[in-house]
Amino acid sequence: MDSLLPLARKVGEKLKARKETVGVSESSAGGLVSAVLLAVPGASAYFMGGAVVYTRPAGEAFLTATKEKRAGIRSSSEPWATLAAELVRERLSTTWGLAETGASGPTGNSYGDPAGHTCVAVVGPKGKIARTLRTGSNDRVANMRAFAAEALTLLDEQLG
């Protein structure tokens with residue numbers, strides 16, 4: 001987590017300075033995105049909440065990602081990351097929604113993505129953006145850190 005703190009601090013400072021808020025939906029990062037944002041003193045000014053949405057029932061419960069909303073969208077994809085970011089933003093009434101979904105390893109997921117695959121998305125005042133990261137590694141812990149870093153980097157880029 002220590003390696004993620006400088007980036008989380010940077011993001012937190014930008015959010016606080018702008019009086020903006022963020023909500024987080026993550027899966028394969030396992031809560032690291034939320035944990036590192038919350039490790040920054042003063043996080044209550046910008047962090048409104050987060051959920052580890054690791055299963056479809058969790059998506060339905062925490063994001064209200066019903067079958068109708070998910071129609072034609074598979075997990076671990078840019079469209080799902082974007083939908084999750086939209087839904088967490090809506091549910092928590094935040095300025096920004098941040099989402100991560102992937103396969104940390106040591107094996108791939110049931111959708112055919114290899115270990116080390118994640119999609120991250122940010123939804124906010126500048127619109128929607130999503131991208132895919134493939135680390136090429138099956139190291140679960142290293143991938144979780146890389147996924148959290150990718151999500152925070154995308155948010156930082158959108159904050160400008």
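A quick note: this is a predicted structure, and the numbers were derived from the prediction, not measured. Throughout, residue positions are numbered sequentially from 1 according to the sequence presented.
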When you look at Glu13 and Val40, which way does the side chain to side chain contact (heavy atoms under 4.5 Å, CB included) test go after all the steps? CA-CA 9 Å; Glu13 287 171 6; Val40 177; over 6 Å; no
Apply side chain to side chain contact (heavy atoms under 4.5 Å, CB included) to residues Val33 and Leu152 and explain how you reach the verdict. CA-CA 7 Å; Val33 176; Leu152 290 168; 4.2 Å; yes
Could you check Leu87 against Lys69 for side chain to side chain contact (heavy atoms under 4.5 Å, CB included), going step by step and ending with a plain yes or no? CA-CA 10 Å; Leu87 293 173; Lys69 289 178 185 175; 3.9 Å; yes
Show your reasoning for whether side chain to side chain contact (heavy atoms under 4.5 Å, CB included) applies to Arg74 and Asp113. CA-CA 11 Å; Arg74 76 167 182 87; Asp113 301 310; 2.9 Å; yes
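Side-chain contact of Ser104 with Arg140: a donor-acceptor pair under 3.5 Å is present, judged by distance alone. Side chains of Ser75 and Arg70: a donor-acceptor N/O pair is present below 3.5 angstrom, by distance only. A side-chain donor from one of Thr132 and Glu78 sits under 3.5 Å from a side-chain acceptor of the other.
At least one side-chain heavy atom of Thr135 sits less than 4.5 Å from a side-chain heavy atom of Phe147. Put simply, the side chain of Trp96 reaches to within 4.5 Å of the side chain of Leu15, judged on heavy atoms. At least one side-chain heavy atom of Phe47 sits under 4.5 Å from a side-chain heavy atom of Ser34. Within the 4.5 Å cutoff, side-chain heavy atoms of Thr64 are placed close to those of Arg91. Side-chain contact between Glu150 and Glu100: absent, with no pair of heavy atoms (C-beta onward) separated by less than 4.5 Å. In this structure, Val52 and Phe62 have side chains that are not in contact, with every pair of non-hydrogen atoms separated by 4.5 Å or more. Leu133 places none of its side-chain heavy atoms less than 4.5 Å from the side chain of Val120. Thr95 is not listed as a side-chain neighbour of Val22, based on a closest heavy-atom distance of 4.5 Å or more.
Atoms OG1 and CZ, from Thr21 and Arg89 in turn, are 9.0 Å apart once rounded to the nearest 0.5 Å. One distance of note links OG1 of Thr82 with NZ of Lys128; it measures 7.5 Å at 0.5 Å rounding. To the nearest 0.5 Å, the span separating CD on Gln158 from CD1 on Ile129 amounts to 4.5 Å. Note that OG1 of Thr153 is 4.5 Å distant from CG of Leu7, once rounded to the nearest 0.5 Å.
Checked for salt-bridge contact, Lys14 and Glu20 miss the test: no charged N lies under 4.0 Å from a carboxylate O. Electrostatic pairing of Glu157 and Arg131 counts as a salt bridge here, judged by a charged N lying under 4.0 Å from a carboxylate O.
Formation of a donor-acceptor pair under 3.5 Å by the Asn143 side chain with backbone atoms of Asp139 is found in this model. Put simply, the side chain of Glu26 never gets that close to the backbone of Thr101: no donor and acceptor are under 3.5 Å apart. The main-chain N or O of Leu37 is found under 3.5 Å from a side-chain atom of Tyr46 such that the two form a donor-acceptor pair. When atom types are taken as modelled, the side chain of Ser27 and the backbone of Tyr54 share no donor-acceptor pair closer than 3.5 angstrom. In terms of modelled atom types and a separation under 3.5 Å, the side chain of Asp2 and the main chain of Leu5 share no donor-acceptor contact. Using a distance-only test at 3.5 Å, with no hydrogens or angles considered, no donor-acceptor pair links the side chain of Arg56 to the main chain of Ala65. In this structure, the side chain of His117 does not engage the main chain of Gly108 through any donor-acceptor pair within 3.5 Å.
In terms of heavy-atom proximity, Ala45 sits nearest to Lys16 at CB-CG, 3.8 Å. What you find for Ala115 and Gly105 is that their closest heavy atoms are CB-CA, 3.6 Å. Nearest heavy-atom pair across Leu92 and Gly23 is CD1-CA, 3.9 Å. Nearest approach of Val123 to Ala85, heavy atoms of both residues: CG2-CB, 3.6 Å. The two residues Ala81 and Ala99 have their closest heavy-atom pair at O-CB, 3.2 Å. Here the shortest heavy-atom pairing between Val36 and Ala8 reads O-CB, 3.5 Å.
Taking hydrophobic clusters as Ile, Leu, Val, Met, Phe, Trp and Tyr residues chained together by side-chain heavy-atom distances below 4.5 Å, Leu159 shares a cluster with Leu98. Hydrophobic clustering of Ile, Leu, Val, Met, Phe, Trp and Tyr side chains at less than 4.5 Å, counting indirect connections, keeps Met48 apart from Leu38. Transitive grouping of hydrophobic side chains (ILVMFWY, heavy atoms separated by less than 4.5 Å) keeps Val53 and Val24 in distinct clusters.
For Lys10, the NZ atom counts as loosely surrounded, since its 6.0 Å shell holds 12 or fewer non-hydrogen atoms of other residues, nucleotides or ligands.
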